[in-house]
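Presented below is the structure to which this report refers.
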Amino acid sequence: ELIFELGDMDYKHEINITYKTISNPDNKSIQLELENFDGNYDWDIENVEGSEEWITYYDLYRSPEQSYGIFNSDTDGDASLISIPYEIRGTRPAVRFWHRYNTEANVDGGLVEISVDGGPFERVPREKFIRNTYNTTLAYSTLAETGVFAFSGNSGGDWAGTLEGPWIDSYIDLSDYNGQTLTFKFRFVCNETGKPNGIYTGWYIDDFELLDLFNYSAQACIIAENG
């Protein structure tokens, strides 16, 4: 148990607390599958609308030598990167993928869908993400729906010169699908209202992993003398 004495605080005042803990090095996640798009792979692409498609990029990646990405144009588009089927197993199965995005904020964006045992694709809901879930919702004009969560806007970094910038690792809990076969779809949608700045725009995926996840959970409780 850790206790931090904060003293008196003004209304709406914030304090950031950073601390480190030591854990058993034997407690770690186990990598079950890895696709880094650098060798032979059997993933597929699907183009429902528009001229832009998912392609490999050799100058924008997390791990050498390439990633998969799609350009964010100012035209209507709906295109997907589709994985091979994977058997889900483990004590706490999860998927982790690394990505960057530079899209027209709240209009164009990427979402993840899954197919169970060859069935129809369904969107992964926001609450299934363990870490780094969808950051916003898309405008009605993109999919003719309201409240569609997606990765949209700018994930940070340089998109015009060095192309350096952070890659985000998003985790999805797959415990409900243990023993089943899943196919993953990374779907990018956009419309003709505009596009973001930068030489590189769109959504980029690298280092897709299936894990038997080990993680620690913690709770924080704030107590005031006056309740």
Give, for atom [atom1] of [X] and atom [atom2] of [Y], the distance between the pair rounded to the nearest 0.5 Å.
| X | Y | atom1 | atom2 | answer |
| --- | --- | --- | --- | --- |
| H99 | R62 | NE2 | CZ | 11.5 Å |
| I88 | Q180 | CD1 | CD | 9.0 Å |
| T142 | D76 | OG1 | CG | 9.0 Å |
| W203 | S152 | CH2 | OG | 11.0 Å |

In terms of the angle between their ring planes, are Y101 and F151 parallel, tilted or perpendicular, with boundaries placed at 30° and 60°?
tilted

Going by the salt bridge (charged side-chain N to carboxylate O under 4.0 Å, His left out) test, which pairs reach into residues 37-50, not counting sequence neighbours?
E46-K185

Does R187 form a side-chain contact (heavy atoms from CB on, under 4.5 Å) with L143? I'd like the steps, not just the answer.
CA-CA 12 Å; R187 183 183 178 190; L143 286 171; 3.6 Å; yes

Using the rule given for side-chain hydrogen bond (donor to acceptor under 3.5 Å, both in side chains), can you reason through T201 versus N102, listing the C-alpha separation, both sets of side-chain angles and the distance that settles it, and then say yes or no?
CA-CA 5 Å; T201 64; N102 178 23; 5.7 Å; no

L182 reachable from L34 in the ILVMFWY side-chain graph, under 4.5 Å edges
no

Same cluster or not: are Y61 and F186 linked, directly or through other Ile, Leu, Val, Met, Phe, Trp or Tyr residues, by side-chain heavy atoms under 4.5 angstrom apart?
no

Taking all atoms of both residues into account, what is the closest heavy-atom pair of C190 and S73, and its distance?
SG-O, 4.1 Å

Got a donor-acceptor contact below 3.5 angstrom from the D117 side chain to the T181 backbone?
yes

Return yes if some donor-acceptor pair links the side-chain N/O of S67 with the main-chain N/O of D206 below 3.5 Å, else return no.
no

Any chance you could lay out the side-chain contact (heavy atoms from CB on, under 4.5 Å) test for R89 and L32, step after step, and finish with the verdict?
CA-CA 9 Å; R89 62 192 190 277; L32 304 176; 3.9 Å; yes

Regarding [X] and [Y], do their side chains bring together a donor and an acceptor under 3.5 Å, going by distance alone?
| X | Y | answer |
| --- | --- | --- |
| N191 | S141 | yes |
| D158 | T162 | yes |
| T136 | N106 | yes |

Should D108 and K195 count as an ion pair when the cut-off is N to O under 4.0 Å?
no

Pair D212 + R92, salt bridge at N-O below 4.0 Å
no

[Y] side chain reached by [X] side chain, heavy atoms, under 4.5 Å:
| X | Y | result |
| --- | --- | --- |
| I168 | R100 | no |
| F129 | S170 | yes |
| I114 | Y177 | yes |
| P196 | N72 | yes |
| T103 | F188 | yes |
| T137 | V148 | no |
| P166 | S155 | no |
| Y134 | V112 | yes |

Of all residues at least two apart in sequence or in a different chain, which pass the side-chain contact (heavy atoms from CB on, under 4.5 Å) check with N47?
E53, A79

Listed by chain and number, what are the side-chain contact (heavy atoms from CB on, under 4.5 Å) partners of T183, not counting sequence neighbours?
I82, S83, P85, S115, F121

May I have the step-by-step check of salt bridge (Lys or Arg N to Asp or Glu O under 4.0 Å) for D176 and K128, ending in yes or no?
CA-CA 10 Å; D176 291 343; K128 283 292 184 182; 2.2 Å; yes

Checking side chain to side chain contact (heavy atoms under 4.5 Å, CB included) between V95 and each of D173, V124, L210, which is the one that passes?
L210

Among all residues two or more places apart in sequence or in another chain, which pass the salt bridge (Lys or Arg N to Asp or Glu O under 4.0 Å) test with R126?
none

Which other residues end up in the same hydrophobic cluster as Y200, if Ile, Leu, Val, Met, Phe, Trp and Tyr are linked when side-chain heavy atoms come under 4.5 Å apart?
I55, Y57, L60, F71, W98, W159, L163, W167, I199, Y204

For Y171, the other hydrophobic cluster members (4.5 Å side-chain criterion, sorted by chain and number) are I130, L211, L213

If you count every heavy atom of other residues, nucleotides or ligands that lies below 6.0 Å from [X] atom [atom1], does the total exceed 12?
| X | atom1 | result |
| --- | --- | --- |
| N16 | CG | no |
| Y58 | OH | no |
| E164 | CD | no |
| Q31 | CD | yes |
| N197 | CG | no |

Would you confirm whether the ring centroid of W43 sits within less than 6.0 angstrom of the ring centroid of W54?
no

Option from Y41, Y86, F97 for which ring-ring contact (aromatic ring centres under 6.0 Å, His included) with F208 holds
Y86

Under the side-chain contact (heavy atoms from CB on, under 4.5 Å) rule, what do E104 and D74 come out as? Steps first, then yes or no, please.
CA-CA 9 Å; E104 185 183 8; D74 53 358; over 6 Å; no

